[in-house]
J.: 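Here's a structure for you.
When reading the values below, keep in mind they use all heavy atoms of this one structure, side chains included, and skip hydrogens, waters and symmetry mates.
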Amino acid sequence: MAFQTEFEFTLPRGYMDRDGNLHKEGVMRLANAGDEILPLRDPRVQANPGYLSVILLSRVIVKLGDLPTVDTHVVEGLYTMDLAYLQDLYQRINTEEMPRYQGVCPHCGEKVDIPVNFLQAGE
């Protein structure tokens, strides 16, 4: 099984660009050490620690609809519900190990660990 580094998401409301286009589907990648450390040097974070999540999300969201890039201006323009959704997603994919269910192979009877991906539930 391959290690998953990118996670698709659908925003509850969506980002409305200046042309009136709504962008809801996106992809977030796992954060790396630089994503967590480098924003701490940013003067916007030093002036307002709450801005850290805006910079973090702009670094790890690799796709949002048809937008060419996702930068801090895009994240600042998200509806509060969408920002909260993305902050929660960031926490879940970067701090928790994917839960596993122990099952038995119906063909050979061997015990197997089956990963449970709640991000894809219902698909």
Side-chain angles (χ1 to χ4, degrees):
M1 182 170 146
F3 180 65
Q4 186 174 1
T5 60
E6 292 189 342
F7 299 84
E8 294 181 0
F9 63 83
T10 302
L11 294 175
R13 296 257 162 96
Y15 172 75
M16 183 78 66
D17 67 23
R18 63 179 118 153
D19 296 325
N21 300 310
L22 190 64
H23 305 272
K24 292 183 81 167
E25 306 292 323
V27 176
M28 182 184 292
R29 69 169 172 77
L30 289 176
N32 58 43
D35 295 324
E36 297 263 336
I37 295 167
L38 295 174
L40 297 174
R41 297 181 191 159
D42 191 294
R44 296 170 293 184
V45 173
Q46 292 173 354
N48 177 4
Y51 201 75
L52 177 63
S53 67
V54 171
I55 295 177
L56 279 172
L57 291 174
S58 72
R59 292 177 63 96
V60 298
I61 297 172
V62 296
K63 183 176 186 311
L64 183 56
D66 296 329
L67 296 173
T69 59
V70 179
D71 58 18
T72 55
H73 298 293
V74 170
V75 177
E76 288 171 358
L78 291 170
Y79 294 107
T80 304
M81 177 185 286
D82 292 331
L83 181 62
Y85 171 85
L86 290 170
Q87 289 170 328
D88 179 65
L89 177 61
Y90 179 91
Q91 287 293 78
R92 285 189 288 138
I93 69 173
N94 286 292
T95 60
E96 295 180 11
E97 202 170 304
M98 192 175 296
R100 297 187 172 275
Y101 169 78
Q102 190 170 46
V104 177
C105 175
H107 303 289
C108 68
E110 185 178 327
K111 289 183 180 178
V112 293
D113 283 340
I114 305 163
V116 179
N117 187 343
F118 293 109
L119 299 174
Q120 296 175 341
E123 292 181 1

J.: Let me confirm one number: the CD-CD distance from Gln4 to Glu6, rounded to the nearest 0.5 Å.
T.: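 Nearest 0.5 Å value for the CD-CD distance: 9.0 Å.
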
J.: To the nearest 0.5 Å, tell me how far Ile55 CD1 sits from Leu40 CG.
T.: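 Ile55 atom CD1 to Leu40 atom CG measures 9.0 Å (nearest 0.5 Å).
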
J.: Measure the CG-CZ distance between Leu30 and Phe7 for me, rounded to the nearest 0.5 Å.
T.: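 Separation between the atoms: 4.5 Å.
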
J.: In the structure I gave you, are the side-chain heavy atoms of Thr95 and Tyr90 within less than 4.5 Å of one another anywhere?
T.: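 Of all side-chain heavy-atom pairs linking Tyr90 with Thr95, none is under 4.5 Å.
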
J.: Please round to the nearest 0.5 Å and tell me the distance separating atom CG of Leu86 and atom CZ of Phe9.
T.: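 That separation rounds to 5.0 Å.
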
J.: What closest approach, in Å, do Gly34 and Pro39 show between heavy atoms, and which atom pair accounts for it?
T.: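 For Gly34 versus Pro39, the nearest heavy atoms are O-CD, 3.6 Å.
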
J.: With a 4.5 Å heavy-atom cut-off, do Met28 and Leu57 have their side chains touching?
T.: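 In contact.
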
J.: Could you tell me which non-hydrogen atom of Leu11 sits nearest to which non-hydrogen atom of His23, and how far apart they are?
T.: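 Heavy atoms only, the tightest pair is CD1-O, 3.9 Å.
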
J.: Which atom pair, heavy atoms only, marks the closest approach of Met81 to Pro12?
T.: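 Between these two residues, the closest heavy atoms are SD-CB, 3.4 Å.
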
J.: Would you mind writing out the side-chain donor-acceptor pairs for residues 60-74 within the sub-3.5 Å range, not counting sequence neighbours?
T.:
{"residue": "Lys63", "atom": "NZ", "partner": "Gly65", "partner atom": "O", "Å": "3.0"}
{"residue": "Asp71", "atom": "OD1", "partner": "His73", "partner atom": "N", "Å": "3.1"}
{"residue": "Asp71", "atom": "OD1", "partner": "Val74", "partner atom": "N", "Å": "3.1"}

J.: Which heavy atom of Gly14 sits nearest a heavy atom of Lys24, and at what distance?
T.: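 For Gly14 and Lys24, the tightest heavy-atom pair comes out as CA-CG, 3.7 Å.
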
J.: Do Asp35 and Arg29 touch side chain to side chain, with heavy atoms closer than 4.5 Å?
T.: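 Yes, their side chains come closer than 4.5 Å.
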
